[in-house]
Amino acid sequence: MLFGTENICRRLAELGHATRIVWPEELKTNQARNAQELVWHSMSAQVQLVMGTRVAKLPVENVFFDKQLEGLRNSLEWLDGNWPHLHESLPAPRDVSLLEVALFCLVEHLAFRPTVSLAP
C-alpha cells in the first residue's frame, strides 16, 4: 500500500510503468495549475469531512462542514466542466500527469467514502 499521489507517480516511474510523468511544476497554463490546486483542496476537504462527521461524530450541521461541502462541490463542478480542455492542454508526450493521478485518487476516494454525489 502506498499513500500520496506524488509517491504513486514516483513508484510508477521506478517500476517502468510511466516513463514520462508530468509534474505540477511543468503545468504551463493557469487553468491547469488551478486544477491541480482544486484537486488537492478537494482531497483535503473530503478527508476533513470524513474525519469530522464520521470518525469524530461531530454534527454535520456545522458552518465548518457547510463550507467544506460547498467548496468540495464547487471544485468538483469546475473540474468536471473544464476537464476536456484541461486534459488537452497537458504537456505531451506523457504517460501520465500527477494531476491525472490525483484526480483519479480523488474520485476513487469519493466513491469509497461518499461525502458528495459523483453524479453530474
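Quick caveat, the model's predicted, so the values are computed rather than measured.
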Self-check item: ILVMFWY network linking Leu110 to Ile8, side-chain heavy atoms under 4.5 angstrom
Solution: yes
Quiz item: Just by modelled atom types, is the Trp40 backbone N or O under 3.5 Å from a matching donor or acceptor in the Ser44 side chain?
Solution: no
Self-check item: Heavy atoms of other groups near Gln31 CD, more than 12 under 6.0 Å
Solution: yes
Self-check item: Closest contact, heavy atoms only, Gln36 versus Pro24
Solution: OE1-CG, 4.2 Å
Exercise. For residues Leu58 and Phe64, determine if any side-chain heavy atom of one lies less than 4.5 Å from a side-chain heavy atom of the other.
Key: no
Quiz item: Can you tell me how far CE of Met43 sits from OG1 of Thr5, rounded to the nearest 0.5 angstrom?
Solution: 5.0 Å
Self-check item: side-chain contact (heavy atoms from CB on, under 4.5 Å) assessment of Gln68 paired with Thr115
Solution: CA-CA 10 Å; Gln68 292 293 329; Thr115 49; over 6 Å; no
Quiz item: Do Leu2 and Leu12 belong together in a cluster built from hydrophobic side chains that touch within less than 4.5 Å?
Solution: yes
Exercise. Output yes when Glu14 and Arg11 qualify as a salt bridge under the 4.0 Å nitrogen-oxygen rule, no when they do not.
Key: yes
Quiz item: Is the side chain of Asp95 donor-acceptor paired with the backbone N or O of Ile21 at a distance under 3.5 Å, no angle test?
Solution: no
Practice problem: Taking all heavy atoms of Leu106 and all of Ser42, pick out the closest pair and write down the distance. | Solution: CD2-CB, 3.6 Å
Practice problem: Spell out, yes or no, whether Leu27 and Phe104 are grouped together once hydrophobic residues are joined by side-chain heavy atoms under 4.5 Å, including indirect joins. | Solution: no
Quiz item: Any idea which heavy atoms bring Leu72 and His41 closest together, and the distance?
Solution: N-NE2, 4.2 Å
Quiz prompt | Contact check, side chains of Val22 and Leu99, non-hydrogen atoms, under 4.5 Å | solution = no
Quiz item: Do Phe3 and Val96 share a hydrophobic cluster, counting only Ile, Leu, Val, Met, Phe, Trp and Tyr and linking them when any side-chain heavy atoms are less than 4.5 Å apart?
Solution: no
Quiz item: Could you walk me through whether Arg10 and Glu6 pass the salt bridge (Lys or Arg N to Asp or Glu O under 4.0 Å) check?
Solution: CA-CA 6 Å; Arg10 293 195 188 287; Glu6 187 174 344; 2.7 Å; yes
Exercise. Look up atom CD in Glu108 and atom CG in Leu103, then write down how far apart they are to the nearest 0.5 Å.
Key: 10.5 Å
Exercise. Could you walk me through whether Asn62 and Thr53 pass the side-chain contact (heavy atoms from CB on, under 4.5 Å) test, one step at a time?
Key: CA-CA 10 Å; Asn62 180 301; Thr53 61; over 6 Å; no
Quiz item: Is Glu26 reaching over with its side chain to a backbone N or O of Ser97, donor-acceptor style, under 3.5 angstrom?
Solution: no
Quiz item: Taking all non-hydrogen atoms of both residues, which atom of Leu38 and which atom of Ser75 are closest, and how far apart?
Solution: CD2-OG, 3.4 Å
Quiz prompt | Test item: Arg113 and Gln46 side chains (from C-beta on) under 4.5 Å apart, heavy atoms | solution = yes
Quiz prompt | Cluster overlap Trp83 with Leu98, hydrophobic side-chain contacts below 4.5 Å | solution = yes
